[in-house]
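Read the structure below first, then the notes.
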Amino acid sequence: MITAFSAISILLLIALFIINEGLPFIFSYGLKEFLLSSEWQPQLGKFGIYPMIVASLWVTLGAMIVGAPLGVGGALFLSEYTPRSVMRIIKPTIELLAAIPSVVYGFIGVMVLAPIIRDNFGGPGLSLLSASIILGIMILPTIVSISIDSILAVPQSYREGSLALGATTWQTIHMVTIKASKSGIIASIILGLGRAIGETMAVIMVAGNSVNIPNSPLDSVRTLTANIALEMSYATGMHRQALFATGVILLVVIIILNSIASVAIRKRIARR
Amino acid sequence: MRIHPRYTQRGAIVILGGATLLTIIILLFIIGFILEKGLPVLSIDFLTTNPENMGKSGGIFPTLIGTIILPLLAIIIATPLGIFTSVYLSEYTKESRATKIIRFGTDCLAGIPSIIFGLFGYIFFVITLGLGWSILSGGLTLAVMILPTIIRTSEEAIRSVPNSYREVSFSLGATSWQTVKKVILPNALPGIVTGIMLSIGRSIGETAAVIFTAGSSLRIPDSLLDSTRTMAVHFYILAREGISAENAYGTAATLIIAVLLVNVSAYWLMNRFISKRS
C-alpha cells in the first residue's frame, strides 16, 4: 500500500526539487525576461532562453516532419498490406531501434549524416537539419509501434464493410481505418514529440550547440536540453539556478504533452 | 481531376511500402555501420584491460564494471517497489480515484526526459543527501527512471493471470497475500522478468541521467560511494571530445551488442509467455 504510492511520490519529489531550485530564479529574474530575452551570457548574469526555446521547437517540428509520415506510413503498410506473420517479425525489429542508446544515434549523426549535409548543402554540417533527421529516426519506433497497436484495434468488420462496398484497400485505409484509429495515431505522434523535445545526448552531438536563433535549417542551434547538459557540469550560483529553471520549463511542457496523449489513448479505450 | 482507385491503390502501396522499407534500412544501417567499424577493435584484450591516456588507447575494463553494477543496483532497488505497486494496483484495490492518480503519476514519470532525471539525481542524491558522484547516486537515479517500466509490465503480467486461478486459491481458504505469493507472482513471473530486462537495456544505454550522478571516474570503484563511468558515458566522452574514433567504435559495438542481447532475450521471453497463455 505504501509502496504503491512510490511512483507518484517520486514524481512529486522530482517536481519539488527541480521547482525549488528553479522557481526562485524565475521570480527574481522575471519570467518574461527569462523566456523572451535572446541574451544568454551566464558570465554577465544574462539568462535569456528564447533562442533555445525557438531551437527546441524547430528541432522538434523537424523531427515530426521526418518521423511522423515515415512512422505512420510504415504502421499502415505493416498492419494493412503485409501478412500478420511478416508483421510479427518486423514490428519487434523496428521496436529494437528504441533500444539503441541515444549516444549511438548522435555518433551516427556526427560520422555519417553531418558530412553528407556539409558536402551537399554547405554550412557546418552539425545543424538544425541533422538534429531533426536524427531525432526523426529516433522517434520512429514509438510512432510505428503505438500506431500499429491502435490500427489493429479497429474492428475487422469495419474493413470488411468497406471492402464489400467495392473499395480498394487504400480507400478503406484513408476513409475507414485512419478515421477509426485517429486518436491512437495522434497519441503516438504526441509521445514521439515528447521524446524529441526531451532528447539530450544525441542532440548535443549533432546540433552544433551555438546559441542563436536559426535563420536556415543549416544553422547550428542549441536546444533547451542541450543547454542544461552542456553547462551543468561547471555551473554555480545563479547560473545553476537558471539551468534548473530551464528544467522547470521543460518539465511543464512534457507533462502537458503526456497528459494530452494519455487523454487521447484513454478516449479510444473508453469508446470501445 | 479524379484519379482512378486502381492507381491510388498502387501509389499507396509504393509510398507506404517505401516508408516501411526505409525505416528497416535505417535500422539495419545503424547496427551494421557500428558493428562493421567496431568489431575489428573488439577483443578479449579490449574488454579486460584498463584504458590509457583517458581512453586514447587500451581497453574499457573499468567502464564494463560500471555498466554492470549501475543497472544491477537500479534493478535491486526498483524491482520490489515496482512489483508491490503493481500487485497493489491489480489485486488489492478496485478502480478508484487513488489508482487513477497512481497511474497518472506512473505515466508522467515514464515520459520525463532523462536529463530531468539527471538534474533531479544531482540535486537530490548528490547534493542534498550528500552521496556525491557515486555508484549509489547513479543507481538510485536509474532506479527512479526505470520504475514506471517495471510497474507497467508487471501490472500487465499480473492482469493476464486468469481469474480462475485466483478463485481456486481463495476457495481453498488462502488469503490475498498467500494468493499473490503462491499463485499470481509465479504465473506472472516471465512477464515481470521481461519488464526487468527491458529496464536493464534502457539503463545500459543511458547517458544523461548517469553522467551527472555517477560521474565519470575511470578508476575501478572500491565502494558504492566511489564514482564510476559506464560504457555509454565513456563512449560519449570519447566521441565528443574526439579522443579516439577507433576506441569509440569499439565501445559502441560492445554497447550495441549488450543492449541487443538483453532486448532480444526480453522479446523471446515475452513470446514464450504469450504462447504459453494462449
Side-chain angles (χ1 to χ4, degrees), chain A residues 1 3-8 10-11 13-14 17-18 21 69-70 73-74 76-78 81 90 92-94 96-97 99-105 107-108 110 112 137 140 144 168-171 173 191 194 197-201 204-205 225 228-229 232-233 244 247 250-251 254-255 257-258 262, chain B residues 5-6 8-9 12-13 15-17 19-20 22-24 26-27 30 33-34 81 84-85 88-89 92 101-102 104-109 111-116 118-120 122-124 128 144 147-148 151 201 204-208 212 232 235-236 239-240 248 252 255-256 259-260 263 267:
Chain A
M1 170 70 207
T3 57
F5 289 95
S6 58
I8 189 82
I10 286 171
L11 182 73
L13 205 62
I14 291 177
F17 267 83
I18 292 185
E21 199 72 8
L70 266 187
L76 286 171
F77 187 77
L78 286 174
Y81 286 104
I90 296 180
T93 315
I94 291 177
L96 266 187
L97 264 167
I100 295 176
S102 54
V103 275
V104 172
Y105 282 102
F107 192 55
I108 295 276
V110 173
V112 182
I137 294 171
L140 273 178
V144 171
T168 62
T169 320
W170 169 245
Q171 286 172 324
I173 289 176
L191 289 176
I197 288 190
E199 179 48 47
T200 313
M201 297 330 247
I204 289 185
M205 290 169 94
T225 50
I228 299 175
M232 197 55 211
S233 52
F244 273 90
L250 201 61
L251 196 62
I254 299 272
I255 289 187
L257 280 179
N258 281 313
S262 73
Chain B
R6 193 190 299 140
T8 58
Q9 164 82 339
I13 291 182
I15 291 169
L16 299 181
T20 314
L22 192 59
T23 306
I24 296 167
I26 291 170
L27 166 73
I30 291 176
F33 181 80
I34 294 288
L81 271 181
F84 285 135
T85 305
Y88 175 78
L89 280 178
Y92 282 89
I101 292 175
I102 294 173
F104 178 74
T106 315
D107 284 353
C108 273
L109 205 57
I112 288 181
S114 50
I115 182 73
I116 298 281
L119 279 182
F120 166 71
Y122 175 72
I123 199 71
F124 187 62
T128 308
V144 169
L147 188 62
I151 294 178
I204 290 178
E206 183 51 48
T207 317
F212 298 121
F235 167 65
Y236 171 71
R240 181 147 166 73
L255 200 57
I256 283 211
V259 168
L260 290 188
N263 278 278
Y267 278 116

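Because the structure is a prediction, the values reported are computed rather than measured.
- The minimum heavy-atom distance linking Gly198(A) with Ile115(B) is given by the pair O-CG2, 4.1 Å.
- With a threshold of 4.5 angstrom between heavy atoms, Tyr92(B) does not approach chain A through any atom at all.
- The two residues Gly247(A) and Leu119(B) have their closest heavy-atom pair at CA-CD1, 4.1 Å.
- Using a 4.5 Å cut-off between heavy atoms, Ile15(B) does not touch chain A at all.
- To the nearest 0.5 Å, atoms CG (Asn258(A)) and CD1 (Ile112(B)) are separated by 8.5 Å.
- Residue contact with chain A, scored on non-hydrogen atoms closer than 4.5 Å, involves the side chain of Ile256(B) exclusively.
- Scanning all heavy atoms of the two residues, the minimum distance from Asn263(B) to Ala99(A) falls at ND2-CB, 3.3 Å.
- With contacts defined as side-chain heavy-atom distances shorter than 4.5 Å, the pair Phe124(B)/Ile14(A) does not qualify.
- The two residues Ile100(A) and Leu27(B) have their closest heavy-atom pair at CD1-CD1, 4.2 Å.
- The nearest pair of heavy atoms linking Tyr81(A) to Ala12(B) is OH-CB, 3.9 Å.
- With a 4.5 Å cut-off on non-hydrogen atoms, Ile24(B) touches chain A through its side chain but not through its backbone.
- Contact annotation: the side chain of Leu22(B) approaches that of Leu70(A) to within less than 4.5 Å [non-hydrogen atoms, C-beta and beyond].
- Put simply, the side chain of Leu147(B) reaches to within 4.5 Å of the side chain of Ile10(A), judged on heavy atoms.
- Looking at Ile30(B), both its backbone and its side chain come within 4.5 Å of chain A, counting heavy atoms on both sides.
- Counting heavy atoms from C-beta on, the side chains of Val104(A) and Phe235(B) come closer than 4.5 Å.
- Side-chain atoms of Pro113(B) and Thr200(A), non-hydrogen and from C-beta on, never get closer than 4.5 Å to each other.
- A distance-only check finds no donor-acceptor pair linking the side chain of Gln9(B) to the backbone of Thr168(A) [under 3.5 Å].
- Taking CG of Leu78(A) as the reference point, atom CG of Leu16(B) lies at 10.0 Å (rounded to 0.5 Å).
- Contact annotation for Pro148(B): neither backbone nor side-chain heavy atoms come within less than 4.5 Å of a heavy atom of chain A.
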